[in-house]
Protein chains: 2
Amino acid sequence: MNSKIRSYSRAQAAKVTNVNAETIRYYESCGLLQPPARSAGGQRIYIEEHLQRLIFIRRSRELGFTLKEIKDLISLSDSSDRSCSQVRDLSAVHLRSIKAKIRDLKKMEKTLADMIKQCDANTTPTCPIIGALTS
Amino acid sequence: MNSKIRSYSRAQAAKVTNVNAETIRYYESCGLLQPPARSAGGQRIYIEEHLQRLIFIRRSRELGFTLKEIKDLISLSDSSDRSCSQVRDLSAVHLRSIKAKIRDLKKMEKTLADMIKQCDANTTPTCPIIGALTS
DNA sequence: ATAAACCCTGTAGCAACTACAGGGTCAAGT
DNA sequence: ACTTGACCCTGTAGTTGCTACAGGGTTTAT
């Protein structure tokens with residue numbers, strides 16, 4: 001009655017998470033992904049946990065976080081070895097940078113939405129996109 | 001009575017924009033920054049326009065855009081050579097990715113804010129930060 | 001049993017910086 | 001005018017974060 005754990009080859013994990021198969025190996029090599037179990041023939045066997053972490057890493061990278069920052073963020077979730085105040089301080093640092101990123105993206109969003117509106121209205125756009133992030 | 005234009009050396013531009021001095025040269029070499037005027041001795045002389053573009057590039061990079069994407073975005077602002085529908089379509093593509101980034105960052109923001117709240121309440125945090133971007 | 005599709009390790013390439021090396025420029029102080 | 005120190009120039013080499021082979025072993029499906 002042991003419930004079977006769904007497992008994945010590297011190519012399968014790559015497909016599900018949308019992370020390149022080579023990149024998965026790279027993340028393991030630099031300690032971002034915990035090394036998975038191996039088959040008798042030495043091939044990696046990934047489980048759900050790995051997929052979740054891979055998705056988290058990919059989306060964080062897309063948001064401009066470095067691998068070091070992502071390592072930091074991941075270590076927060078496994079904070080048994082940290083004091084509460086350490087977790088609090090590290091979280092606060094990242095929270096500030098996240099809020100700044102959201103602000104900048106919203107400025108860009110507004111600028112682009114305005115440009116689309118101008119195009120739809122068929123007026124000649126002056127497109128001051130650079131201005132969006134300099135003020 | 002000609003109003004003087006404020007100009008900047010590379011180191012000054014680097015300091016003001018918070019872009020590494022070497023990186024400024026790199027952006028020029030790959031066509032992201034328009035080449036500035038030179039002094040008699042051959043040294044680069046930057047003006048406000050360069051600083052604005054540098055700040056735009058830096059902040060866009062921090063938001064996870066590639067240099068190619070940033071080139072695209074910059075070219076939108078100088079869209080005299082494009083049809084309105086081209087500008088509209090390119091803007092729409094970037095707008096979608098920006099909205100997705102905002103969504104992801106807001107999930108992270110909430111997770112981190114919750115962790116800080118838990119720490120403040122002095123309860124043991126379980127810190128499910130990975131979960132923030134996998135659902 | 002044999003082919004196709006995948007995996008392994010290791011290494012080499014690419015993008016986007018970052019940091020020299022070896023020499024020239026410039027501005028400030030004397 | 002001259003020196004000195006901080007900066008600039010070009011070119012090249014190193015770093016990070018991937019991405020793509022090469023040469024060989026494993027797995028799966030027929």
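Letters A, B, ... mirror the listed sequences (proteins, then strands); counts begin at 1.
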> What is the nucleic acid contact for R38(A), judged by heavy atoms within less than 4.0 Å: base, sugar-phosphate only, or nothing?
Replying inline: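 Sugar-phosphate contact only - R38(A) comes under 4.0 Å of backbone atoms but never of a base.
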
Please tell me if [X] has a side-chain N or O lying less than 4.0 Å from either OP1 or OP2 of [N].
| X | N | answer |
| --- | --- | --- |
| R44(B) | dC9(D) | yes |
| R25(A) | dG10(C) | no |
| S39(B) | dC26(C) | yes |
| T66(A) | dT16(D) | no |
| N20(A) | dG17(D) | no |
| S9(A) | dC6(C) | no |
| R10(A) | dA5(C) | no |
| Y26(B) | dA15(C) | no |
| T23(A) | dC18(D) | no |

> Hey, which of these two, Q43(B) or L67(B), hits DNA chain C nearer its 5' end, going by closest nucleotide?
Replying inline: L67(B)

>> Between Q12(A) and E22(B), which residue's closest nucleotide on DNA chain C lies nearer the 5′ terminus?
In response: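 Residue closer to the 5' terminus by nearest nucleotide: Q12(A).
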
> OG/S60(B) to CE/M108(A) distance, rounded to the nearest 0.5 angstrom?
Replying inline: 3.0 Å

> Given Q34(B) and E49(B), is the side-chain hydrogen bond (donor to acceptor under 3.5 Å, both in side chains) satisfied, shown in steps?
Replying inline: CA-CA 9 Å; Q34(B) 58 280 54; E49(B) 203 185 334; 3.2 Å; yes

> Is the NZ or CZ atom of K101(A) both under 6.0 Å from the centre of the six-membered ring of F65(A) and within 45° of that ring's axis?
Replying inline: yes

>> Between A21(B) and A40(A), which residue's closest nucleotide on DNA chain D lies nearer the 5′ terminus?
In response: A21(B)

To the nearest Å, give me how far apart [atom1] ([X]) and [atom2] ([N]) are.
| X | N | atom1 | atom2 | result |
| --- | --- | --- | --- | --- |
| K68(A) | dC17(C) | NZ | P | 19 Å |
| I45(A) | dC6(C) | CD1 | P | 17 Å |
| Y46(A) | dC8(C) | OH | C1' | 11 Å |
| R61(A) | dT19(D) | CZ | C1' | 14 Å |
| Y27(A) | dG17(D) | OH | P | 9 Å |
| Y8(A) | dA5(C) | OH | C1' | 20 Å |
| L32(A) | dC18(D) | CG | C1' | 13 Å |
| I24(B) | dT18(C) | CD1 | P | 11 Å |

> Going by an N to O cut-off under 4.0 Å, is there a salt bridge joining R59(A) and E62(A)?
Replying inline: no

> Of all heavy-atom pairs between I70(A) and F56(A), which one has the smallest distance, and what is that distance?
Replying inline: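 Closest heavy-atom pair between I70(A) and F56(A): CG2-CE2, 4.1 Å.
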
>> Run Y8(B) and H50(B) through side-chain contact (heavy atoms from CB on, under 4.5 Å) and show every step you take.
In response: CA-CA 10 Å; Y8(B) 303 81; H50(B) 297 104; over 6 Å; no

